Colleague: 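Could you have a look at this structure, given as structure tokens, before my questions?
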Amino acid sequence: MSRTTDVASNDRTQGKNQLRVGRLVKAHGLKGALKLELYTDNPAGRFVPGAAFTLQVPEASPWHGKDVTVREYRVMNGNPVVFFDDVDDREAAESLVKAILWIDQDENEVEDNAWFDHQLVGLDVVRDGVVVGRVARVEHFPAQDLLIVTPAGSTSGGEIMVPFVQAIVPTVDVAAGKVIVTPPAGLFEELPDTVESDADVPSGDAAAE
């Protein structure tokens with residue numbers, strides 16, 4: 001389970017707290033519909049008619065700096081689909097593909113598995129009961145978010161990029177000031193070289209004896 005779906009930023013747009021709720025992945029049909037990749041557990045509550053979203057698009061996009069307003073939200077053949085005001089045909093819809101949708105968020109509004117960046121930054125990173133680092137910042141990417149962790153005792157300025165997904169960060173305890181991680185081998189430590197040196201490998205003749 002990805003936790004990228006519900007992480008929020010508090011400073012992406014003029015200091016507002018915003019929640020990333022979806023990404024537009026594909027134009028659908030001829031009437032301006034777009035298929036959605038959802039980053040929210042409450043799509044029916046987020047994508048109501050009249051809801052406005054800030055667009056995250058490249059600066060070269062004609063949509064840069066603009067918002068879109070939901071006209072209609074449906075689930076079609078199991079896929080979430082959204083229509084926006086003034087996006088009335090396929091060509092207009094295709095111009096929005098890959099855009100990420102952000103919505104202003106009331107910090108008092110609670111959503112499961114959702115945190116603001118500032119809630120995560122500074123938390124201890126705990127592995128097997130031992131503090132192994134501290135969350136320095138959160139980086140947001142289309143596929144997933146990353147916790148950028150400063151290793152405990154590091155003086156070299158090195159950082160570890162930890163995918164913010166349930167399998168690797170199963171517990172976020174803001175009140176206790178920590179996240180618990182269960183990283184794959186090699187994420188927080190160097191793995192031993194498993195390649196045997198030539199000296200360790202018996203020659204063909206020796207092996208045949």
Side-chain angles (χ1 to χ4, degrees), residues 1-58 61-90 92-121 137-147 163-167 169-172 174 179:
M1 173 182 175
S2 171
R3 291 191 149 174
T4 65
T5 58
D6 297 318
V7 180
S9 168
N10 70 333
D11 59 0
R12 205 185 63 80
T13 305
Q14 299 176 345
K16 295 179 181 177
N17 289 321
Q18 289 200 311
L19 184 68
R20 191 176 66 161
V21 293
R23 185 169 72 102
L24 303 173
V25 295
K26 186 178 181 181
H28 179 74
L30 303 176
K31 298 182 179 180
L34 286 137
K35 288 186 177 179
L36 269 170
E37 179 183 4
L38 293 171
Y39 299 156
T40 174
D41 294 331
N42 184 25
R46 295 290 182 193
F47 291 90
V48 296
F53 296 91
T54 302
L55 291 167
Q56 181 182 345
V57 293
S61 169
W63 292 98
H64 185 257
K66 297 182 180 179
D67 295 343
V68 288
T69 301
V70 173
R71 185 171 77 246
E72 184 179 357
Y73 171 80
R74 302 179 189 170
V75 178
M76 303 175 69
N77 297 323
N79 298 306
V81 173
V82 65
F83 296 80
F84 296 113
D85 288 348
D86 302 320
V87 180
D88 299 320
D89 56 35
R90 188 177 184 89
E94 287 180 340
S95 70
L96 280 165
V97 170
K98 297 184 181 179
I100 296 174
L101 305 176
W102 297 76
I103 193 169
D104 291 347
Q105 172 82 347
D106 180 350
E107 194 163 353
N108 295 318
E109 182 182 0
V110 177
E111 184 168 334
D112 291 341
N113 287 323
W115 297 272
F116 294 102
D117 287 4
H118 70 85
Q119 291 178 303
L120 299 171
V121 172
R137 63 186 185 280
V138 182
E139 297 283 354
H140 300 278
F141 294 97
Q144 64 185 16
D145 291 340
L146 297 174
L147 301 182
F164 193 41
V165 296
Q166 184 85 27
V169 190
T171 301
V172 177
V174 175
V179 296

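Source: prediction; values computed, not measured.
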Colleague: Enter the distance from L101:CG to L55:CG here, rounded to the nearest 0.5 Å.
Modeller: 6.0 Å
Colleague: Who pairs with F84 by ring pair (Phe, Tyr, Trp, His ring centres under 6.0 Å), at least two apart in sequence or on another chain?
Modeller: none
Colleague: Taking atom CG of L147 and atom CG of D117, what is their separation to the nearest 0.5 Å?
Modeller: 9.5 Å
Colleague: Give, for atom CG of D86 and atom OG1 of T69, the distance between the pair rounded to the nearest 0.5 Å.
Modeller: 8.0 Å
Colleague: Which heavy atom of K31 sits nearest to which heavy atom of R71, and what is that distance?
Modeller: O-NH2, 3.9 Å
Colleague: State which residues pass ring pair (Phe, Tyr, Trp, His ring centres under 6.0 Å) with F83; sequence neighbours excluded, sorted by chain then number.
Modeller: none
Colleague: Give the minimum heavy-atom separation between I103 and A52, together with the two atoms involved.
Modeller: CG1-O, 3.8 Å
Colleague: With distance as the sole test, does R137 use its side chain to make a donor-acceptor pair with the main-chain N or O of V121 at under 3.5 Å?
Modeller: no
Colleague: Drop me the distance from L36's CG to R23's CZ, to the nearest 0.5 angstrom.
Modeller: 10.5 Å
Colleague: Does a side-chain heavy-atom distance below 4.5 Å link W63 with V87?
Modeller: yes
Colleague: So which atom in R46 and which in A51 form the shortest heavy-atom distance, rounded to 0.1 Å?
Modeller: O-CB, 3.3 Å
Colleague: With side-chain contact (heavy atoms from CB on, under 4.5 Å) as the test, pick out the partner of V97 among L34, L24, V25, V57.
Modeller: L34
Colleague: Are F164 and V138 packed together at the side-chain level, in the sense that at least one heavy-atom pair is separated by less than 4.5 angstrom?
Modeller: no
Colleague: If you compare all heavy atoms of R90 against all heavy atoms of H28, which two are closest, and at what distance to 0.1 Å?
Modeller: NH1-C, 4.0 Å
Colleague: How long is the straight-line distance from CG of N79 back to CZ of R74, given to the nearest 0.5 Å?
Modeller: 13.5 Å
Colleague: Closest heavy-atom contact between A93 and A33?
Modeller: CB-O, 3.7 Å
Colleague: Tell me the closest heavy-atom pair linking V48 and G45, and the distance in Å.
Modeller: CG1-O, 3.6 Å
Colleague: Could you grab the distance from atom CD of Q166 to atom OG1 of T171, nearest 0.5 Å is fine?
Modeller: 7.5 Å
